[in-house]
Amino acid sequence: MDIFLTILAAFFLIFGIIGSFLPVLPGPLTSWIGLLIFHFTDVVPMNWTFLIITLIIAITIWILDYIIPAMGTKRFGGSKAGMIGTSLGLIIGLLSPIPGGIIIGPFVGALIGELINKSEFNKALKAAFGSFLGFLASTFIKFIVALVFLGLFIVKIVEYQDVLF
């Protein structure tokens, strides 16, 4: 049963890293679920302090994920249409076969969203850039936290490898 829980935990941690890039999946929270599952094994002792601290971090990042892009958009004069365009552009960029679609998609989506909302191209471009920067900052923070959670998991695997395997 411990091997199954460890594999399931690894699945959630990897899915959390992937979720750092997808707007529909809360990356760090998904990774935290992996840590929680791992701590339910009989081999790894349950450390509630560790789990609570990592949960607080995951929830904080989840909340910031909504605030940071809005701050970037607002700072550069953007609108909600730019933020929606960024999310739609990300999804289209992920699904498209073009190289760099995950980077190009959000920017183009933000630009289109801002052009729909505003009439002047220069203002729309500036707002799209702000929306895109907010998206990148938020994604980077989620990715780093999910990687740190995976690193903590790997450290525990190495620490308890004799008993696990």
Side-chain angles (χ1 to χ4, degrees), residues 1-74 80 82-110 113 131-165:
M1 187 65 164
D2 287 339
I3 296 292
F4 171 74
L5 289 175
T6 302
I7 292 170
L8 186 62
F11 172 77
F12 271 90
L13 285 153
I14 291 168
F15 209 52
I17 290 172
I18 294 167
S20 297
F21 298 99
L22 299 175
V24 295
L25 188 66
L29 281 175
T30 305
S31 291
W32 182 84
I33 291 170
L35 291 176
L36 178 67
I37 291 169
F38 186 57
H39 278 274
F40 279 124
T41 62
D42 293 330
V43 177
V44 179
M46 183 68 74
N47 184 336
W48 287 106
T49 305
F50 171 80
L51 289 173
I52 290 170
I53 290 171
T54 52
L55 176 62
I56 290 169
I57 291 169
I59 290 172
T60 302
I61 296 303
W62 179 63
I63 292 169
L64 285 175
D65 187 35
Y66 293 99
I67 296 172
I68 292 172
M71 287 171 40
T73 302
K74 188 173 183 179
K80 190 170 183 167
M83 291 172 44
I84 292 169
T86 301
S87 296
L88 290 174
L90 171 66
I91 293 167
I92 292 168
L94 281 170
L95 298 176
S96 70
I98 61 170
I102 194 169
I103 301 294
I104 297 168
F107 179 77
V108 171
S131 180
F132 179 68
L133 281 180
F135 161 76
L136 281 182
S138 177
T139 300
F140 180 73
I141 291 169
K142 290 187 300 184
F143 178 69
I144 294 299
V145 169
L147 275 182
V148 168
F149 285 2
L150 179 64
L152 295 169
F153 172 76
I154 291 170
V155 166
K156 289 293 183 184
I157 290 280
V158 170
E159 187 177 339
Y160 293 99
Q161 70 182 344
D162 295 337
V163 188
L164 269 172
F165 305 108

- Message: Between L35 and F50, does the side-chain contact (heavy atoms from CB on, under 4.5 Å) criterion hold? Intermediate values first, please.
- Response: CA-CA 10 Å; L35 291 176; F50 171 80; 4.2 Å; yes
- Taking side chain to side chain contact (heavy atoms under 4.5 Å, CB included) as the test, write out the residues that go with S31, two or more places apart. L13, A146, F149
Below 3.5 Å, can you tabulate the donor-acceptor pairs from side chains in residues 16-27 to any protein atom, sequence neighbours excluded?
residue: S20; atom: OG; partner: G16; partner atom: O; Å: 3.1
residue: S20; atom: OG; partner: I17; partner atom: O; Å: 3.4
residue: S20; atom: OG; partner: K142; partner atom: O; Å: 3.3

- For residues N47 and H39, report the shortest heavy-atom separation together with the two atoms involved. N-ND1, 4.0 Å
- Task: Keeping the roles fixed (side chain from S96, backbone from G93), state whether a donor-acceptor pair exists under 3.5 Å.
- Result: yes
- Query: Angle class for the F153/F38 ring planes (parallel below 30°, perpendicular above 60°, tilted otherwise)?
  - Reply: perpendicular
- Query: Taking only residues two or more places apart in sequence, or in another chain, which ones meet Y160 in a ring pair (Phe, Tyr, Trp, His ring centres under 6.0 Å)?
  - Reply: none
- Message: Under the rule for side-chain hydrogen bond (donor to acceptor under 3.5 Å, both in side chains), what residues qualify as partners of T54, not counting sequence neighbours?
- Response: W32
- To the nearest 0.5 Å, how far apart are CE in M46 and CG in L36? 6.5 Å
- Task: Check whether any side-chain heavy atom of L55 sits under 4.5 Å from a side-chain heavy atom of I59, and report yes or no.
- Result: yes
- Query: Residues two or more places apart in sequence or in another chain: which of them pass ring pair (Phe, Tyr, Trp, His ring centres under 6.0 Å) with F12?
  - Reply: none
- Query: Between the side chain of D2 and the main-chain N/O of D42, is any donor-acceptor distance below 3.5 Å?
  - Reply: yes
- Item | Residues forming a side-chain hydrogen bond (donor to acceptor under 3.5 Å, both in side chains) with T6, sequence neighbours excluded | none
- Atom CZ in F11, atom CD1 in I37: separation rounded to 0.5 Å? 9.5 Å
- Query: Rounded to the nearest 0.5 Å, what separation is found between the OG1 atom of T86 and the CG atom of L136?
  - Reply: 9.5 Å
- Message: Let me confirm one number: the CD1-CD1 distance from I141 to I68, rounded to the nearest 0.5 Å.
- Response: 3.5 Å
